[in-house]
Every structure is written in structure tokens, then in C-alpha cells.
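Chain letters run A, B, ... following the sequence lines, proteins first, then strands; residues in each count from 1. Keep in mind it's a predicted model, so treat the numbers as computed, not measured.
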Amino acid sequence: MAKWLVKTEPSECSINDFAKAPDKSIPWDGVRNYQARNFLREMAVGDEVFIYHSSCKRIGIAGIVKVVRGAYPDPTQFDPASAYHDSRSTPAQPRWQAVDMKFVHKLPRLVQLDELKGLPGLEGLPLIRRGNRLSVMPVSEDEWQIILRLT
DNA sequence: GCCAACGTTGGC
DNA sequence: GCCAACGTTGGC
């Protein structure tokens, strides 16, 4: 099983949105970056995913969710009313993908971005590189364990 | 709210 | 295919 990390603004979707409906799968849609989309495509059912809260007061990794449905065409791209609408997409040729995720658990405490910076073993994680904007990224098994060990 | 970093767009 | 301009991300 592969591991991943996704960024989200908690005002849009936070770990608490998963926690309060643990049996409900939540679509991870609206990704509009090609590199991030390519990673979404690689996600498989059962993969675990860190939820990272960005652009907020308490920045960091808040919890874990899991993939319950692999990549499928992101419906928001076809919806003219959606903020994520993309007129270049057609159902025959969708540009963007979504996956569905479900709650696993919150971390015992928030692992802050500060703590991850400079931590040995995380040098390759795009998250901690200055100016990085990738919102979906793979996490190696070693990186995953290093992060969990902090909690 | 600022601004650096980066991805995307579009003119040539 | 280059690259300047622009828009967005995201930490501070």
C-alpha cells in the first residue's frame, strides 16, 4: 500500500469533516495541477493519506484518511456552476481526476510544519521545500514512519 | 495583507 | 519553442 499526503485549507475541508462522518466517503476533487493529478491517478484503494492543513492558523499534518475509490473523472470539471469548472474538459476527454477518501484517525496531536523542517529523512519530501505548491505528493514508508514517530 | 515562488498562458 | 506576463499558492 502506498502512502500519500494531500494539502487542504481546513476552511474548505479539514480532518474534522472526515471525523464527524467517519462512514462517509468524501470526494477529493478540484485538483487542477497536472503533477498532482498524476499522483491522484496512482492512488489505489487502501492507500493511506496524510491530511495537511495549509493556509490557516495551525499549519501541519492533522490526521490520516484512506482511499476508498480510485481515480475517476472529477465531476466538478463538467459543472459550469462549479468554481472548478473547466470548459476544455469533456466526458469523453476529461482532464481532471478525483478519488474518494474516508476517515481513519486524527493524529494524537497536530504535527506542525516547523517540526518537519530540518528533520533527518524528510529532505526529499516536497512539502517542506520552500515555495512548493504541489498539493498531492507521495510519502515513502520511511517518511511516513518518521512523521508518525513525532506524535 | 504581503510577497516569494512557481505553474500556466499566450504572443511572437 | 521561448519567455514575459500573469495568476495562484501558501508561509509568514
Applying salt bridge (Lys or Arg N to Asp or Glu O under 4.0 Å) to E42(A) and not counting sequence neighbours gives none
Results of salt bridge (Lys or Arg N to Asp or Glu O under 4.0 Å) for E115(A) - residues two or more places apart only: R109(A)
Test of understanding: with side chain to side chain contact (heavy atoms under 4.5 Å, CB included), list the residues that count as partners of [X], not counting sequence neighbours.
X	value
T76(A)	D29(A), R32(A), D74(A), S82(A), Y84(A)
D142(A)	S140(A)
R149(A)	Q145(A), I146(A)

With sugar-phosphate taken as primed atoms, P, OP1 and OP2 and all else as base, the protein-contact string of nucleotides 3-12 of chain C at under 4.0 Å (heavy atoms; B, S, -) is ----BBSBSS
Under 4.0 Å, heavy atoms only, any strand: does R88(A) hit a base, just the sugar-phosphate, or nothing?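 Counting heavy atoms under 4.0 Å across all strands, the contact made by R88(A) is with sugar-phosphate only.
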